[in-house]
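Presented below is the structure to which this report refers.
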Amino acid sequence: MEFSLKIQAINGFKDILPNSVGRWQLIEQRARAIFERFGLQEIRMPILEKTELFVRSIGEATDVVEKEMYSFADKGITMRPEATASIMRAFIEHGLHVQQPVQRLYTIGPMFRHERPQKGRLRQFHQLDAEIIGAVEPRIDAELIAMGQMLLDELGLTVSLELNSLGCPECRPPFKTALVAFLERSIDGLCDDCKRRTHTNPLRVLDCKKPTCRTLVQAAPSMLEALCPACDHHFREVQEALQALEIPFRLNRFMVRGLDYYTRTTFEFLTTDLGAQAAVGAGGRYDGLIESLGGPALSGIGFAMGMERIALLLEQQTGTQQDDAGMDIFLAALGSNTLAPCSLLAHLLRKEGIRAAIDYSGRSLKAQLKQAGRVGARFTLIVGDAEWAQQEGILRNMRTQEQQPFALTGTPEQQCRNLRQRLATTTD
Ligand code: HAM
């Protein structure tokens with residue numbers, strides 16, 4: 001049998017290697033801490049859901065549902081392309097609103113979309129997703145947006161915030177009719193995709209990236225001028241609430257989101273540092289969604305941030321590499337008699353929460369010191385047969401290379417305590 005062919009990961013699916021995992025953990029820790037400051041609780045859902053859930057929530061005529069879902073057609077199930085629909089399904093299924101009228105939830109995990117992979121765009125990617133369900137007040141919109149901004153600020157990232165309103169089932173249909181009439185008049189100037197979208201999903205024409213379409217839509221009717229009085233009032237109050245929280249933003253009437261469930265407020269956190277992938281995070285209100293999935297008539301608002309994009313930005317904008325992932329101590333057991341006591345010492349140190357590494361190969365001191373350097377050890381305890389007979393080892397500070405004798409007297413537990421104390425009191 002031939003085993004020599006290497007098997008590689010699928011295009012658009014990426015490993016997160018140990019040297020960048022520290023950055024991912026940092027993002028996740030900051031996100032959890034901030035979400036919890038705002039009273040959000042974690043929820044975890046399965047990755048597979050019934051396809052119907054996404055068709056009904058995200059919308060049949062969207063790119064995600066039309067082209068990007070990983071579905072098992074014979075089984076009627078799909079790997080989630082986003083988290084909001086799943087959270088709403090779980091929320092309804094478990095009657096979460098009965099326990100608490102306003103639910104604040106977050107989830108962190110992988111999502112799947114069959115897009116064309118490029119920098120910051122993958123087929124398996126990860127989102128930090130936050131939702132506030134059951135509250136209609138415009139100040140909630142501002143609070144949620146402020147939470148997203150706080151997370152990006154605390155990570156040290158520079159982004160800009162854009163805001164729009166997509167209206168509601170009362171004011172959007174007449175706007176759509178006016179927009180379609182405008183697009184039909186200009187149809188020859190539109191790209192092929194937008195010619196098709198004019199009838200399937202006309203709002204998407206507004207955020208086409210092709211220069212000809214962009215120029216053409218400058219003269220299109222504006223949703224912001226077509227809002228009904230209730231949506232207009234809501235949107236003004238959101239803007240005032242954001243100003244009160246000192247969150248800068250820019251209105252962008254061409255921002256339409258790629259998912260159909262949005263109503264009223266929508267927003268995006270944008271960067272110019274990731275090429276074509278400008279959105280680090282995005283979200284909005286979805287006031288009719290829960291009802292359309294068979295739940296109570298409750299409104300909601302949320303956002304999701306792309307963790308790959310945050311990780312890239314962290315590297316680019318702040319130069320953040322991995323966290324300190326090094327070991328506290330490396331035990332270099334050099335003689336045949338020292339292996340057993342040193343391995344017990346390593347075990348006891350680990351039980352006490354110390355990051356301890358040990359080499360069982362009996363290699364030379366030089367090789368073991370090299371290994372200690374590779375694992376990022378702060379200290380190395382060198383114990384040869386001769387030292388062991390004298391109940392002594394040598395403690396080497398790996399940064400300064402300074403070496404001092406270290407007494408290995410008493411029981412293994414006492415040795416462990418002494419060593420722990422020494423590590424805690426020595427600054428390197
Ligand atoms: P979305 O705009 O589709 O919204 O995605 C949110 C974020 O996920 C994007 O801004 C981007 O950072 C990241 N993202 C999306 N697709 C990819 C990809 N292929 N590769 C890497 N990152 C990606 C939603 O998913 C909504 N569920 C957000 C939401 C929550 N709205 C209300 N609640």
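Computed from a predicted structure; not experimentally measured. Heavy-atom basis, side chains included; hydrogens, waters and symmetry copies ignored.
- With hydrogens and angles left out, the side-chain atoms of Q371 and R374 include a donor and acceptor closer than 3.5 Å.
- In K119, the NZ atom is crowded: over 12 heavy atoms of neighbouring residues, nucleotides or ligands sit closer than 6.0 Å.
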Distance-only donor-acceptor hits, side chain of residues 64-78, under 3.5 Å, sequence neighbours excluded:
residue : atom : partner : partner atom : Å
S71     : OG   : T78     : OG1          : 2.6
T78     : OG1  : T51     : OG1          : 2.8

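- In terms of modelled atom types and a separation under 3.5 Å, the side chain of R350 and the main chain of A356 share a donor-acceptor contact.
- Judged purely by atom type and a 3.5 angstrom limit, E352 has no side-chain atom pairing as donor or acceptor with the backbone of R420.
- Counting only distance, with no hydrogens or angles, the side chain of E387 and the backbone of G384 share a donor-acceptor pair below 3.5 Å.
- Remark: of the listed residues R309, M307, R113, R113 is the sole one forming a side chain to side chain contact (heavy atoms under 4.5 Å, CB included) with F125.
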Using distance only, find each side-chain donor-acceptor pair of residues 336-349 under 3.5 Å and give its atom names and separation, not counting sequence neighbours.
residue : atom : partner : partner atom : Å
T338    : OG1  : L334    : N            : 3.4
T338    : OG1  : G335    : N            : 3.2
T338    : OG1  : G335    : O            : 2.8
S343    : OG   : L339    : O            : 3.1
S343    : OG   : A340    : O            : 3.0

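- Around atom CD of Q218, more than 12 heavy atoms belonging to other residues, nucleotides or ligands sit under 6.0 Å away.
- Counted within 6.0 Å of CD on E170, heavy atoms from surrounding residues, nucleotides or ligands total 12 or fewer; the atom is thus considered open.
- A salt bridge links R236 with D232: at least one charged nitrogen is closer than 4.0 Å to a carboxylate oxygen.
- Every residue meeting the side-chain contact (heavy atoms from CB on, under 4.5 Å) condition with E137, not counting sequence neighbours, appears here in chain and number order: A135, I140.
- Ionic pairing of R121 and E308 is not present here: no N-O contact between side-chain nitrogen and carboxylate oxygen is shorter than 4.0 angstrom.
- Of the possible donor and acceptor atoms, none in the side chain of R139 sits under 3.5 Å from a partner among the backbone N and O of A241.
- Side chains of Q404 and R422: a donor on one and an acceptor on the other come within 3.5 Å.
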Assess whether salt bridge (charged side-chain N to carboxylate O under 4.0 Å, His left out) is satisfied between E82 and R80, documenting all intermediate values.
CA-CA 5 Å; E82 57 114 49; R80 61 182 188 194; over 6 Å; no

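- Of the candidates L144, D141, L242, F267 forms a side chain to side chain contact (heavy atoms under 4.5 Å, CB included) with just one, namely L144.
- When all heavy atoms of F330 and A377 are compared, the pair lying nearest together is CB-CB, 3.8 Å.
- R396 and Q403 form a side-chain donor-acceptor contact under 3.5 Å, judged by distance and modelled atom types alone.
- The side-chain hydrogen bond (donor to acceptor under 3.5 Å, both in side chains) test with R204 singles out one residue from N201, T200, D207, and that residue is D207.
- I16 is linked by a side-chain contact (heavy atoms from CB on, under 4.5 Å) to S20, V21, W24, H126, counting only residues two or more places apart in sequence or in another chain.
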Working note: R104 + E143, criterion salt bridge (charged side-chain N to carboxylate O under 4.0 Å, His left out); need CA distance, chi angles, decisive distance, verdict.
CA-CA 12 Å; R104 295 170 168 245; E143 187 184 317; 2.8 Å; yes

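- In this structure, the separation between CZ on F38 and OH on Y106 is 14.0 Å, given to the nearest 0.5 Å.
- Remark: E28 does not engage R30 in a salt bridge, criterion side-chain N to carboxylate O under 4.0 Å.
- Taking the side-chain contact (heavy atoms from CB on, under 4.5 Å) definition, one finds that T409 meets it with Q391, A407, sequence neighbours left out.
- Contact detail for F249 and L163: the closest heavy-atom pair is CD1-CD2, 3.7 Å.
- Although no hydrogens or angles enter the test, the distance criterion places a donor-acceptor pair under 3.5 Å between the side chain of R123 and the main chain of E115.
- Residue pairs that meet the side-chain hydrogen bond (donor to acceptor under 3.5 Å, both in side chains) test with at least one member in residues 150-164, sequence neighbours left out, are R37-E154, Q149-D153, E162-R250, E162-N252.
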